[in-house]
Amino acid sequence: MSPENGQFDIDHQEPSTSSQTIYYGSESKKKKTNHTSFTSNQFNKSANESDQAFRKCVRRSLANFKYDFEHFHKRFDAQESLLEKILAKLDSQEFKGSAMVYDFNDMDIGVIDNDEDLNNMEEKLINDKPYRNAVITLLSRFVGNTLPETIRKIMQRLFTDQFLSKYSFVGFKGKNQFSTLQSCSIIYDVVRTMKKFKDTANIDIEKPIKNWMAQATPRIKKLAEKSLQTNHNGHLNVLIYINILIPRYIIEVLARAYACNVIYGI
C-alpha cells in the first residue's frame, strides 16, 4: 500500500499470499503421500518375509515328516520280518516237539506199492499225529527249484508207479480215487511248509500231481522196454564174446556133448 496514492496494492499482495498457501498445501500433501507409500511398502515387505518364513517352515515340517515316515516304515518292515521268523521258529519247534519220538535219520516211511502198504500209511496218518508231523518234516526236504519238480520228488518218495497206475486223481476209468486219501492230502501240507510255496493254491498243487499220476503207466512200459533192450544187448554181447575168444571146434564139442546129454541122458 502506498500512502502517496492513497491506494492499496491489494492485487499485488494477495497473489503472493495465495501462492504461499497453495505451496504449503501441496508440500503437505506430498509429504503425506510419501509417508503413506513408505508405510505400504514396509507392510508389503513384512508380509512377504512372513510368507516366505511360513513356506520355509512348512517345507521343513514336510521333510521331517517324510523322514519320520520312512524311518517308521523301515522299522515296521523289520518288525514284520522278525515276527515271521519267530512264527516259523515256533512252527518248527512244534513239529520237533510232536515228532521227537522219531529219528528222522533212521526213519523209513516206506514206499506205497500195494493196498496193504496204503492201509498201513493211512491208519498212521489219521491216528498218529506225531508220525504225521514227522512224515511232513521228512518230505519237506525234497524241495525242488519249481513246484512240479518238488511234487515229482515227493511222489517218487511215497508211491511206486505200479501203485499209481491203479489210481486216478478223481477216480476216472474205473480206477481208485486218489484225492480222498490222507496220503494225498499230506502232499499239500508238505508243500506249504516250504517257504517258497507256502501260499500256493490247491489247484496249483493238484495239477502236477495229476500229471505225474497220468504218466505212471507210460513210465512202466518205458522201463520194461529199456530193461528188455538191455537184456537183449547183454545176450548179444555174450555171444560175440564167445565167438571171438573160444575156438569153433570147442563150441562144436560142447554142442555134441549137450546133444548126447539131452538124447541119451548121459
Side-chain angles (χ1 to χ4, degrees), residues 79-172 175-217 219-220 223:
Q79 294 293 330
E80 185 179 18
S81 177
L82 179 61
L83 180 60
E84 289 179 353
K85 292 180 180 179
I86 292 174
L87 292 176
K89 188 70 175 178
L90 290 175
D91 291 340
S92 175
Q93 291 296 331
E94 180 181 355
F95 275 117
K96 291 180 180 179
S98 61
M100 57 171 36
V101 294
Y102 297 99
D103 187 348
F104 294 137
N105 295 324
D106 298 332
M107 182 179 176
D108 184 10
I109 60 176
V111 180
I112 300 175
D113 184 53
N114 50 51
D115 291 339
E116 183 179 357
D117 295 337
L118 175 65
N119 292 334
N120 291 336
M121 176 65 79
E122 290 291 295
E123 183 178 358
K124 289 182 179 180
L125 293 178
I126 294 173
N127 299 321
D128 192 346
K129 186 176 180 181
Y131 177 81
R132 181 185 182 92
N133 290 337
V135 172
I136 292 174
T137 303
L138 179 63
L139 294 177
S140 65
R141 299 175 179 178
F142 292 89
V143 60
N145 294 325
T146 63
L147 182 59
E149 181 185 355
T150 301
I151 297 295
R152 174 180 60 79
K153 289 182 177 182
I154 296 173
M155 296 285 285
Q156 284 179 321
R157 182 62 182 80
L158 283 177
F159 312 102
T160 64
D161 286 335
Q162 285 74 15
F163 173 81
L164 293 177
S165 64
K166 302 174 184 177
Y167 282 78
S168 74
F169 193 80
V170 293
F172 281 160
K175 293 185 177 183
N176 299 320
Q177 187 171 356
F178 183 78
S179 60
T180 57
L181 300 176
Q182 288 297 314
S183 301
C184 174
S185 65
I186 200 171
I187 298 174
Y188 293 81
D189 297 335
V190 172
V191 169
R192 293 197 175 103
T193 61
M194 303 171 183
K195 187 175 181 180
K196 63 194 301 185
F197 302 126
K198 65 178 181 178
D199 297 324
T200 306
N202 284 350
I203 191 171
D204 294 329
I205 300 175
E206 177 182 317
K207 185 177 179 180
I209 294 176
K210 288 181 176 180
N211 291 339
W212 183 255
M213 294 183 67
Q215 296 300 316
T217 300
R219 283 194 302 271
I220 294 173
L223 182 62

For V190, does its backbone N or O pair with a side-chain atom of S140 as donor and acceptor, under 3.5 Å?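 No; zero donor-acceptor contacts below 3.5 Å.
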Does the K166 side chain pair with the main chain of N176, one donor and one acceptor, at a distance under 3.5 Å?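 No; judged by distance alone, with no hydrogens or angles, the pair does not exist.
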If I take atom [atom1] from residue [X] and atom [atom2] from residue [Y], how far apart are they, to the nearest 0.5 angstrom?
X: I112; Y: F159; atom1: CD1; atom2: CZ; answer: 4.5 Å
X: N114; Y: N120; atom1: CG; atom2: CG; answer: 9.0 Å
X: L181; Y: F169; atom1: CG; atom2: CZ; answer: 10.0 Å
X: T160; Y: D113; atom1: OG1; atom2: CG; answer: 3.5 Å

Distance-minimising heavy-atom pair for [X] and [Y]:
X: S165; Y: Q162; value: OG-O, 2.7 Å
X: L164; Y: A216; value: CB-CB, 3.9 Å
X: M121; Y: S183; value: CG-OG, 3.5 Å
X: I187; Y: M155; value: CD1-SD, 3.4 Å
X: C184; Y: S179; value: SG-CA, 3.9 Å
X: N145; Y: K196; value: O-NZ, 3.4 Å

Kindly write out the residues that satisfy side-chain contact (heavy atoms from CB on, under 4.5 Å) with Q182, not counting sequence neighbours, or none if the list is empty.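 For Q182, the residues satisfying side-chain contact (heavy atoms from CB on, under 4.5 Å) (neighbours in sequence not counted) are E122, L125, I126, R132, S185.
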Please list every donor-acceptor pair under 3.5 Å in which a side-chain atom of residues 203-215 meets a protein atom from a residue at least two apart or in another chain.
from	atom 1	to	atom 2	distance (Å)
E206	OE2	K210	NZ	2.7
N211	ND2	K207	O	3.4

[Y] side chain reached by [X] side chain, heavy atoms, under 4.5 Å:
X: I109; Y: L158; result: yes
X: R157; Y: V111; result: yes
X: V143; Y: F197; result: yes
X: L118; Y: Y167; result: yes

